[in-house]
Amino acid sequence: PALEDVHLNLETMLTERVGAVGGKLHTGRSRNDQVATDLRLWARRAIGRLDDGIVGLERALVDLAEREGDAVLPGTTHIQPAQPVLLAHHLLAYVEMLERDRGRLADARRRLNVSPLGAGAIAGAGYPLDREATARDLGFDGVTANSLDATSDRDFVVEVLAAAALAMVHLSRLAEEITWWSNPRFGFVRVADAFSTGSSMMPNKKNPDPAELVRGRSAGVIGAVTATLTLLKGLPLGYQRDLQEDKPALFASVATVDTSLAVMAGLVETLTVDRKRMRMAAEEGYTTATSLADELVRRGVPFRAAHHIVGGLVGGAEAEGIRSLAGLPDEAFRAALDGSDDPVARGLGTDRAMLAALRAAASIEGALAAADVVGGTAPARVAEALAAAKERLGA
């Protein structure tokens with residue numbers, strides 16, 4: 001503490017070891033370009049660590065998708081039952097998000113990987129330094145082009161924080177779903193005891209606390225981006241001591257993302273899936289209605305007319321207490337077609353093969369198989385996507 005800062009402590013220590021030549025350490029250097037260099041080196045290592053963590057979570061999701069992926073759950077919009085999807089399809093959506101997170105971090109790394117060393121305090125060094133040589137020694141791709149920018153730039157901190165914040169948003173969304181899915185009212189999954197806590201008062205409780213904490217800690221990382229942008233917005237060029245405050249935000253955010261990735265990977269790896277409960281939920285809310293309308297469209301019925309016909313079938317099933325469209329009798333399908341304003345639809349009601357096709361389209365399996373496009377939830381498409389993810393991750 002008697003010395004001014006860490007830099008002078010290092011210089012003093014070196015001088016004690018090697019003699020007066022240690023005093024040459026600071027030649028052509030300033031604390032300003034040294035700090036900027038150190039922070040880039042730290043951020044580079046942090047990005048590598050976060051990338052490893054993201055890959056670990058992706059592998060956990062892929063493993064679960066492979067193990068339980070043919071389970072069916074209700075895909076939702078507006079938190080309402082929409083269409084049936086394979087669990088693997090749902091899990092692979094998070095893999096896509098995480099891959100984008102990896103891309104953002106890699107992009108930030110590419111931009112930050114230039115060396116400020118030799119920029120000096122503000123104007124550059126007064127000696128013929130070989131900045132490119134020191135950059136190579138430190139593993140940088142090149143050197144900064146402007147000494148003023150080199151010492152006062154913290155764009156790279158903002159970029160890493162922004163990528164970290166979005167990654168935490170993705171983790172929070174997954175944590176939110178697992179929290180809901182583990183509620184007995186859903187009962188889709190059971191969280192392992194190692195990733196749950198009980199209640200100090202209620203003996204029946206099993207709380208997914210780690211998921212809740214990941215969800216909660218996303219707020220701090222999001223806040224760190226705002227704090228750093230606010231820190232920078234009023235600074236003139238040249239180093240300002242305010243920039244010292246970039247480090248707590250960056251260090252804490254990276255630590256949060258790092259540990260959150262590990263927690264979510266462990267949670268996903270140990271999840272128990274209740275296929276029966278998922279399937280039951282997928283059969284509620286007439287989730288195959290769109291598949292049924294699409295089958296009519298494939299038979300030449302305009303989509304708007306098909307939409308109206310199937311809407312009538314849903315209303316009739318609700319009135320009769322029939323829980324699924326596949327459970328409707330042939331008479332209901334025939335009456336809906338005959339009562340349509342569309343001439344093509346009216347001509348289909350007498351075709352037995354057509355009625356069988358509609359019944360197949362109204363089934364969960366039929367609805368899944370029909371979504372046979374790139375990125376769709378058809379089993380064959382999901383199998384392709386799963387194989388591609390495994391190859392990419394080396395899983």
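As the structure is a prediction and not an experimental result, all values here were calculated from the model. What you see below is based on every heavy atom in this structure, not just the backbone, and it leaves out hydrogens, waters and symmetry mates.
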Hey, what do you get for [atom1] ([X]) to [atom2] ([Y]), rounding to the nearest 0.5 Å?
X      : Y      : atom1 : atom2 : result
Leu261 : Leu98  : CG    : CG    : 7.5 Å
Thr197 : Lys205 : OG1   : NZ    : 8.5 Å
Asn146 : Thr151 : CG    : OG1   : 8.5 Å
Ser152 : Leu235 : OG    : CG    : 8.5 Å
Leu64  : Glu68  : CG    : CD    : 6.5 Å
Ser115 : Arg136 : OG    : CZ    : 11.0 Å

message: Could you walk me through whether Val143 and Val114 satisfy the side-chain contact (heavy atoms from CB on, under 4.5 Å) test, starting with their C-alpha distance in whole Å, then the side-chain angles of each, then the deciding distance to 0.1 Å, before giving a yes or no?
response: CA-CA 5 Å; Val143 299; Val114 288; 5.9 Å; no
Give a yes or no answer on whether the side chain of [X] reaches the backbone of [Y] with a donor-acceptor pair at less than 3.5 Å.
X      : Y      : answer
Asp38  : Leu41  : no
Thr27  : Lys24  : yes
Asp33  : Leu117 : no
Thr288 : Ser291 : no
Ser340 : Leu337 : no
Arg277 : Phe186 : yes
Thr228 : Asp246 : no
Arg109 : Ile47  : no
Ser147 : Ile122 : yes

Under 4.0 Å between a Lys/Arg side-chain N and an Asp/Glu carboxylate O for [X] and [Y]?
X      : Y      : value
Glu212 : Arg217 : no
Asp107 : Arg104 : no
Glu365 : Arg279 : yes
Asp153 : Arg40  : yes
Arg190 : Asp274 : no
Glu177 : Arg173 : no
Lys206 : Asp193 : yes
Arg275 : Asp70  : yes
Arg59  : Glu269 : no

State, yes or no, whether a side-chain contact exists between [X] and [Y] at a heavy-atom distance under 4.5 Å.
X      : Y      : answer
Ser260 : Met168 : yes
Leu296 : Ile309 : yes
Val301 : Leu348 : yes
Arg392 : Glu99  : yes
Leu14  : Val18  : yes
Leu105 : Ile54  : yes
Pro379 : Leu86  : yes
Asn113 : Arg44  : yes

Give a yes or no on whether [X] atom [atom1] has more than 12 heavy-atom contacts from other residues, nucleotides or ligands under 6.0 Å away.
X      : atom1 : answer
Arg110 : CZ    : yes
Arg323 : CZ    : no
Glu320 : CD    : no
His307 : NE2   : no
Asp341 : CG    : no

query: When you look at Leu92 and Val95, which way does the side-chain contact (heavy atoms from CB on, under 4.5 Å) test go after all the steps?
result: CA-CA 5 Å; Leu92 288 174; Val95 173; 4.1 Å; yes
Closest non-hydrogen atom pair, [X] against [Y]:
X      : Y      : answer
Thr15  : Gly23  : OG1-N, 3.6 Å
Gly376 : Val382 : O-CG2, 3.7 Å
Pro210 : Phe195 : CD-O, 3.2 Å
Ala345 : Asp342 : N-OD2, 3.0 Å

- line: Checking Thr287, Ile364, Leu87, Val85 against Val72 for side chain to side chain contact (heavy atoms under 4.5 Å, CB included), the one that qualifies is Ile364
message: If we check side chain to side chain contact (heavy atoms under 4.5 Å, CB included) with Leu358, which of these qualifies: Arg334, Glu295, Arg299?
response: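 Only match with Leu358 under side chain to side chain contact (heavy atoms under 4.5 Å, CB included): Glu295.
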task: Run the numbers on Arg241 and Gln244 for side-chain hydrogen bond (donor to acceptor under 3.5 Å, both in side chains), then give the verdict.
output: CA-CA 6 Å; Arg241 193 59 181 266; Gln244 181 173 295; 2.7 Å; yes
message: Let's go through Arg346 and Asp338 carefully: what are the C-alpha distance in whole Å and the side-chain angles of both, what is the deciding distance for salt bridge (charged side-chain N to carboxylate O under 4.0 Å, His left out) to 0.1 Å, and is it a yes or a no?
response: CA-CA 5 Å; Arg346 287 198 301 272; Asp338 290 344; over 6 Å; no
- request: Using the six-membered ring wherever Trp is involved, compare the ring planes of His90 and Tyr94 and label them parallel, tilted or perpendicular (cut-offs 30° and 60°).
  value: tilted
field: Pair Thr144-Asp149, side-chain contact (heavy atoms from CB on, under 4.5 Å): steps then yes or no
entry: CA-CA 8 Å; Thr144 52; Asp149 180 55; 5.8 Å; no
task: Check step by step if ring-ring contact (aromatic ring centres under 6.0 Å, His included) holds for Trp42 and Phe251.
output: CA-CA 9 Å; Trp42 190 94; Phe251 295 169; 4.5 Å; yes
- prompt: Where do Trp181 and Leu271 land on the side-chain contact (heavy atoms from CB on, under 4.5 Å) test, with the steps shown first?
  reply: CA-CA 11 Å; Trp181 289 357; Leu271 275 182; 5.7 Å; no
- request: Would you verify whether the NZ or CZ of Arg359 falls within 45 degrees of the ring axis of Phe333 while also being under 6.0 Å from that six-membered ring's centre?
  value: no
